[in-house]
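To find a chain, count down the sequence lines: A is the first, B the second, and so on, and within it residues start at 1.
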Amino acid sequence: MTKGTTLEPKPGNEPPRIAETPAGLLNSIGLQNPGVEKVISGEIPWLRQFGVPVIVNISGYSVAEFEELAARLDSVPEVAGLEVNISCPNIKGGGMAFGTDPQGAAQVVKRVRAKTRLPLIVKLTPNVTDITEIARAVESVGADAVSLINTLLGMAIDIKKRRPVLANVMGGLSGPAVKPIAVRMVYQVYRAVKIPIIGMGGIVSAEDAVEFMLAGAKAIAIGAGNFIDPLLPLKVLEDLEDWLDREGVKDIAELTGQCQ
Amino acid sequence: MTKGTTLEPKPGNEPPRIAETPAGLLNSIGLQNPGVEKVISGEIPWLRQFGVPVIVNISGYSVAEFEELAARLDSVPEVAGLEVNISCPNIKGGGMAFGTDPQGAAQVVKRVRAKTRLPLIVKLTPNVTDITEIARAVESVGADAVSLINTLLGMAIDIKKRRPVLANVMGGLSGPAVKPIAVRMVYQVYRAVKIPIIGMGGIVSAEDAVEFMLAGAKAIAIGAGNFIDPLLPLKVLEDLEDWLDREGVKDIAELTGQCQ
Amino acid sequence: MVAGEAKPGQFVMVRTSGTLEPFLNRPISIHRIDEAKGIIELVYQVVGKGTKLLSRISPGQHLQIIGPLGNGFSWQTGFKRVALVGGGCGIAPLLALAEKLLENEREVYVLLGAQTKEKLLAAEEFSQLGCRVRISTDDGSQGKKGFVTQLLEELVNSISLDQVYACGPLPMVKGLIKIAEEKGIPCQVSLEERMACGVGACLGCACPVRNPDGTVGYKRVCHDGPVFDAKELLLDNK
Amino acid sequence: MVAGEAKPGQFVMVRTSGTLEPFLNRPISIHRIDEAKGIIELVYQVVGKGTKLLSRISPGQHLQIIGPLGNGFSWQTGFKRVALVGGGCGIAPLLALAEKLLENEREVYVLLGAQTKEKLLAAEEFSQLGCRVRISTDDGSQGKKGFVTQLLEELVNSISLDQVYACGPLPMVKGLIKIAEEKGIPCQVSLEERMACGVGACLGCACPVRNPDGTVGYKRVCHDGPVFDAKELLLDNK
Ligand SMILES: Cc1cc2nc3c(=O)[nH]c(=O)nc-3n(C[C@H](O)[C@H](O)[C@H](O)COP(=O)(O)OP(=O)(O)OC[C@H]3O[C@@H](n4cnc5c(N)ncnc54)[C@H](O)[C@@H]3O)c2cc1C
Ligand SMILES: Cc1cc2nc3c(=O)[nH]c(=O)nc-3n(C[C@H](O)[C@H](O)[C@H](O)COP(=O)(O)OP(=O)(O)OC[C@H]3O[C@@H](n4cnc5c(N)ncnc54)[C@H](O)[C@@H]3O)c2cc1C
Ligand SMILES: Cc1cc2nc3c(=O)[nH]c(=O)nc-3n(C[C@H](O)[C@H](O)[C@H](O)COP(=O)(O)O)c2cc1C
Ligand SMILES: Cc1cc2nc3c(=O)[nH]c(=O)nc-3n(C[C@H](O)[C@H](O)[C@H](O)COP(=O)(O)O)c2cc1C
Ligand code: FES
Ligand code: FES
């Protein structure tokens, strides 16, 4: 999975971009990336060496940008799928604005769908009243999977300076602090759609991973957990295998949605 | 401030009602209370001895229930105000359902307003796409203040039992984990309405309290922090006075909304 | 301070870390009370992250605790012969109770259950006090092989008791209540429930009970308990 | 392991607690490297909750660290006379640098600034190595009263330098850069920024720079730094 990719190069937001919070952190990276052309010419060929399928996470400021991104990436042989990020809280105007409205979300996905035969994962924002509405909307226009949750919009204030800690004022909250919200949303979305769910939000252990699978995730991802230890994903995988053995679970797929 | 009061006595939800989460907890008390008549005849007279103004937190399953509650409490001399809880995630059908929709919220407040001359504080839920919309809606129909945030809907799963930890499946998340979300919402609402804001969500120190005031709160409240130490509110008050002295702030009211 | 006020069966809420994680305090029973020295002893088993952190504190380090909390066990002057039945770390609060009961020359039977010999708590201490100790372990590594409920079954069939006090895992407690009920022996049990405040304020630690008027409702384990008269409890759904 | 690979100016990310709070690791510079014994030394100031927790660990306790990280200082064989300028805990990484530079008989001037005598780091150690140490404190309790920038001003006016290395609070670093620039002395500075991953992955620790092609962009303090050539930095908005 690449970092968020946009049509044009993006310098990202001004620093500070990171604020620690209780059991989590706020970030406002702001989609710093070299733009889709450089991703295609530089990063993707470099990623090829690892022999894993490359999924490109795409963000746009308009529906047309999303379409254009999809069209360009459709013809890149190494690209195995697209993750359509309609949930980034760190860019103005675009990003999350699409993801908070079922019609907007469906429109983006429908138009992207028309431009590519690649599998489409749609990344959902938790900053909504009813996430199942959005999930159903994107399923109905051809999303192959949904991933959730992106970060929750949050803020921290430096009380000495009487200014927001982040130069961008608000940022996205993630890490263990948000896990209960993420698990709840996976549980709700699992009951609302038929397409598979990639679960994330605060996972730092194999037990956390199992919790997401029981809630309804078919796969999981780790974001902030990498900051405790860059090797955490490997450790979680190992511990997960041990856990499955101990519990006598033969196939991990058995877990998905098994929370009664 | 009383606990949530309903028209009829409510036994509350089945246990377990508490689940610890990273830097926070989930609760699903479910508004256990003896009903408004017993609150009027039993609790309020008992509270009188402390000589502080009594604000009753009211919850209903229908607009009519909210109206009835307001009408009955309007004539109780000890009651200094009502907090209209349109944001409890722990009861089915009522509670939060009103608080997630601007029209629903406005309707409840408007009808309550018509039944009482008491000051009305409206308690807002964070489980919405845009909290400023709800805040503006209740301001426009006569709310005297808003309090935020109530708890975020969350869930924890017992992976051994493959069952939700809480008997009620989902519960409300609060504590330090949610502070960045609460601060952000106070900051947003401060810019959207003119009525005062009571800020809460994860406050455990004087520094946290100052953060909420800089974001826009005129007063603050402590929920989960009491579980660290039942005397925490007093400690926070003391530390707050020290902090104001150290920083040379003469009037605490100067802080409200001063985050630039 | 705590020691001066503490009664057997009460507990304290212990802060296990200096940070916000774990967030909640942990309820731990008062194991032994030394009023003269002003000392209370706690005994705990490492089960999760809170107790793990506790086990890492160094001697002499200060801990933030709140207590004593809850109602504690009660007894009448007329009681002659009582049984204290504990399983696992449910044994912890019974030692302070035994000490109190023995102040008045009662016959105190103590039935202790554990998974293994290694996990058995305080058996020596009860013997030294002069209690009549009987032991069971799940694996037979000490005392009788089996459950502590069997020990009570045998005891009530051989002698008459004025009172049973029980503390331990829920299935065990339910079994003990049944045995006592059948013989018509009054039974007090100490319950466990997840707690947030520990002081009766949050209504988090609800336990279903039958009210005196026959209606059903919830009581707070932390404040109305943790010790309940078995008759009022409705543990069937648990 | 870390000691074998470490270079002066690099840092490690230190986990300050065994729980999820504080969540992020803390960047701390490598203060001293003993390759033979395989030891690195860290020096830190208690400023917030992470460093407070660190200060409570007992001798012999294991810490989880990631490193060495970042690029470190660089030098050329031709350098004869250099100045190392540190303020506050910015002094920390300069000792390892001084040791390296002195392996080749250079003249090493060390200018140290602190708020007070008590807060001054490592002055003795630099002297023992054979550095020419000059000191300033804000309150005049040791060395010259004033800022360390003044010490550099005086030094560059009296002798010529091949390189200035600077580390400390941003206002100080900006002052030092200005002085070095005016005299045309190359200057390397070690920067601080809030970090999440510490390994270049999250793009959290951005610092504005002028790219070789004249455009403006961000570099990562953790991976492209923490040491930067003063010429490429754009610190004006900071
Ligand atoms: C009144 C009372 C007295 C107790 N006395 C003792 C004692 O003397 N010695 C002893 O070893 N244990 C005792 N316990 C059990 C003890 O509280 C738990 O083992 C402990 O809270 C586990 O915390 P943890 O962080 O290690 O486990 P975790 O599983 O990580 O805890 C997660 C959460 O669940 C709660 N929890 C987990 N297990 C229990 C439990 N059995 N009862 C209540 N809450 C639980 C924790 O408090 C915490 O909030 C008592 C419990 C109660 C209610
Ligand atoms: C490359 C590098 C090397 C450093 N070397 C040293 C050293 O050798 N000795 C030393 O005493 N200090 C050093 N610092 C500063 C040190 O990282 C901070 O003092 C420390 O992170 C504060 O953590 P805290 O929990 O005590 O403070 P808090 O204020 O509670 O920390 C809150 C958050 O802000 C971050 N933060 C706070 N201050 C700084 C800072 N100055 N720089 C970067 N992040 C900060 C923390 O890492 C944390 O994420 C270095 C910083 C960097 C970037
Ligand atoms: C520093 C940082 C940068 C992120 N950048 C992106 C991004 O570019 N695109 C995206 O879809 N999500 C992005 N996310 C969100 C994560 O992919 C993930 O959805 C979220 O952080 C919750 O998971 P976690 O708690 O494991 O971090 C980012 C998160 C962090 C912390
Ligand atoms: C155990 C518990 C019970 C609560 N009951 C109520 C209630 O009855 N009415 C209400 O408006 N809010 C209720 N709340 C929400 C709190 O008032 C507060 O809005 C929320 O917990 C966020 O603040 P905190 O992080 O300081 O707890 C409850 C919170 C907790 C933890
Ligand atoms: S734990 Fe709060 S009422 Fe018992
Ligand atoms: S801290 Fe992650 S890139 Fe520097």
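With a 4.5 angstrom heavy-atom cutoff, C:Met195 touches chain B only via backbone atoms. Contact annotation for C:Arg15: only side-chain heavy atoms (C-beta onward) come within less than 4.5 Å of a heavy atom of chain B. Neither the backbone nor the side chain of B:Ala177 comes within less than 4.5 Å of any heavy atom in chain C.
Most heavy-atom pairs under 4.5 Å with chain B, from the set C:Pro22, C:Gly204, C:Ala201, C:Gly217: that is C:Gly204. Interface summary for chain C: among B:Pro11, B:Ala23, B:Gly175, the most heavy-atom pairs under 4.5 angstrom belong to B:Ala23.
The environment of NZ in B:Lys3 is crowded: more than 12 heavy-atom neighbours from other residues, nucleotides or ligands sit within 6.0 Å. Around the OH atom of C:Tyr44, the shell of radius 6.0 Å holds more than 12 heavy atoms that belong to other residues, nucleotides or ligands. The 12-atom threshold is not exceeded at CD of C:Gln115, counting heavy atoms of other residues, nucleotides or ligands nearer than 6.0 Å.
Put simply, the side chain of B:Asn27 does not reach to within 4.5 Å of the side chain of C:Cys202, judged on heavy atoms. C:Asn25 places none of its side-chain heavy atoms less than 4.5 Å from the side chain of B:Asp229.
Here the side chain of C:Gln64 pairs a donor or acceptor atom with the backbone of B:Ile228 at under 3.5 angstrom.
Distance NZ/C:Lys49 to CD/B:Glu20: 6.0 Å, rounded to 0.5 Å. Taking CG of C:Leu203 as the start and CG of B:Leu31 as the end, the distance is 10.0 Å to the nearest 0.5 Å. Here the CG-SG distance, from B:Leu25 to C:Cys197, works out to 10.5 Å after rounding to the nearest 0.5 Å.
Listed here is the closest heavy atom pair of B:Gly24 and C:Phe23: N-CB, 3.8 Å. Between B:Ile18 and C:Arg194, the closest heavy-atom pair is O-CD, 3.3 Å. Between B:Pro15 and C:Pro208, the closest heavy-atom pair is CG-CD, 4.3 Å.
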